[in-house]
Amino acid sequence: MASAPGDDEEGPTGHGARHVALIMDGNGRWAKSRGLPRTLGHRAGVTALKRTVEAAPRLGVRWLTVFGFSTENWRRPASEVSELMGLLKSYVKSDLARLHREGVRVRILGRRTELPDDIMDVIAEAERLTQNNDRFFLQVAFNYGGQSDIADAARRLAKEVSQGLIDPDQITEAMFAARLSTSGAPYPDLIVRTSGEKRISNFLLWEAAYAELVFQDVLWPDYGEAPLRAALEEFQRRQRRFGGVGVDDVLAAG
Ligand code: FPP
């Protein structure tokens, strides 16, 4: 079985979800149902994100990864793209000091070279300020795509091979994982998508190998402690086998 960094803390078979990843979907529909512009749906989405980040540690979650902007989201109207960029910036600016005080380490996943300079500066500052924190880990996937992250890791490995630093026959899953933008983080135990859509949409493709998937009907701007608790309860009812057999089957086999 491919092991994930950090598996030792609670163990991959531990009962609670230590790392939850969220596909925050439904901002547009939330706004439309109220006769509001989509941008207001995204703003309400930030408020829901704040509620969820606050609730997560109370519910025993230690790692939270959220999908803020995908490599495909550039196809949206320029005004919406710029709204989403602005929201990341204002979220970090308004919450960074508090997140830091609370011991949260912030990391942004994805291709940052394609982001505007002011966004790159804000990201760099957030990561620098919080780099030694370890009470809670918040990863925001921004200009992130699972396939591009895998391609980037392959490119990094290929360069090291061409420089004679790595023997291609020695490449392992762990070496590959170490070159993803999620390197060092445990793999998600639970991936939640809101809004009723049942797709993974290019999120954490490598890391999702053994994640439990939960799809909730709630639109993202309505998210917070209660829906997160419900998702975690659903997770606890699942039996994770990681390609092996369940505990009951082992006992039954004597
Ligand atoms: C999907 O809703 C959501 C997004 C594309 C972006 C998620 C962004 C936020 C929650 C706010 C900003 C977050 C950060 C980290 C700054 P949708 O627009 O696809 O909704 P729809 O499917 O109902 O149209």
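Basis for what follows: all heavy atoms, side chains included, without hydrogens, waters or symmetry-related copies. Just so you know, ligand 1 is whichever comes first in the structure, and atom 1 is the first atom listed for that ligand.
- The cationic group of Arg76 does not satisfy the cation-pi geometry with Trp74, failing either the under 6.0 Å distance to the six-membered ring centre or the 45° limit from the ring axis.
- Judged purely by atom type and a 3.5 angstrom limit, Arg238 uses its side chain to pair as donor or acceptor with the backbone of Leu213.
- Residues Leu115 and Phe142 have side chains in contact (heavy-atom distance under 4.5 Å, counting atoms from C-beta outward).
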Which N or O atoms of ligand 1 sit under 3.5 Å from a protein N or O, and how far apart is each pair?
residue: ligand 1; atom: 2 (O); partner: Gly26; partner atom: N; Å: 3.4
residue: ligand 1; atom: 2 (O); partner: Asn27; partner atom: N; Å: 3.4
residue: ligand 1; atom: 18 (O); partner: Arg38; partner atom: NH2; Å: 2.8
residue: ligand 1; atom: 18 (O); partner: Arg76; partner atom: NH1; Å: 2.9
residue: ligand 1; atom: 19 (O); partner: Asp25; partner atom: OD1; Å: 3.4
residue: ligand 1; atom: 19 (O); partner: Arg76; partner atom: NH2; Å: 2.9
residue: ligand 1; atom: 20 (O); partner: Gly26; partner atom: N; Å: 3.4
residue: ligand 1; atom: 20 (O); partner: Asn27; partner atom: N; Å: 3.2
residue: ligand 1; atom: 20 (O); partner: Gly28; partner atom: N; Å: 3.0
residue: ligand 1; atom: 22 (O); partner: Asp25; partner atom: OD1; Å: 3.1
residue: ligand 1; atom: 22 (O); partner: Arg29; partner atom: NH2; Å: 2.9
residue: ligand 1; atom: 23 (O); partner: Gly28; partner atom: N; Å: 3.3
residue: ligand 1; atom: 23 (O); partner: Arg29; partner atom: N; Å: 2.7
residue: ligand 1; atom: 23 (O); partner: Arg29; partner atom: NE; Å: 2.7
residue: ligand 1; atom: 24 (O); partner: Arg38; partner atom: NH1; Å: 3.0
residue: ligand 1; atom: 24 (O); partner: Arg38; partner atom: NH2; Å: 3.4

key: Worked check of side-chain hydrogen bond (donor to acceptor under 3.5 Å, both in side chains) between Gln147 and Asn202   = CA-CA 7 Å; Gln147 291 181 339; Asn202 204 11; 4.6 Å; no

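- For the residue pair His42/Asn27, the side-chain donor-acceptor check at 3.5 Å is satisfied.
- If you check the side chains of Ser181 and Arg111, you find no donor sitting under 3.5 Å from an acceptor.
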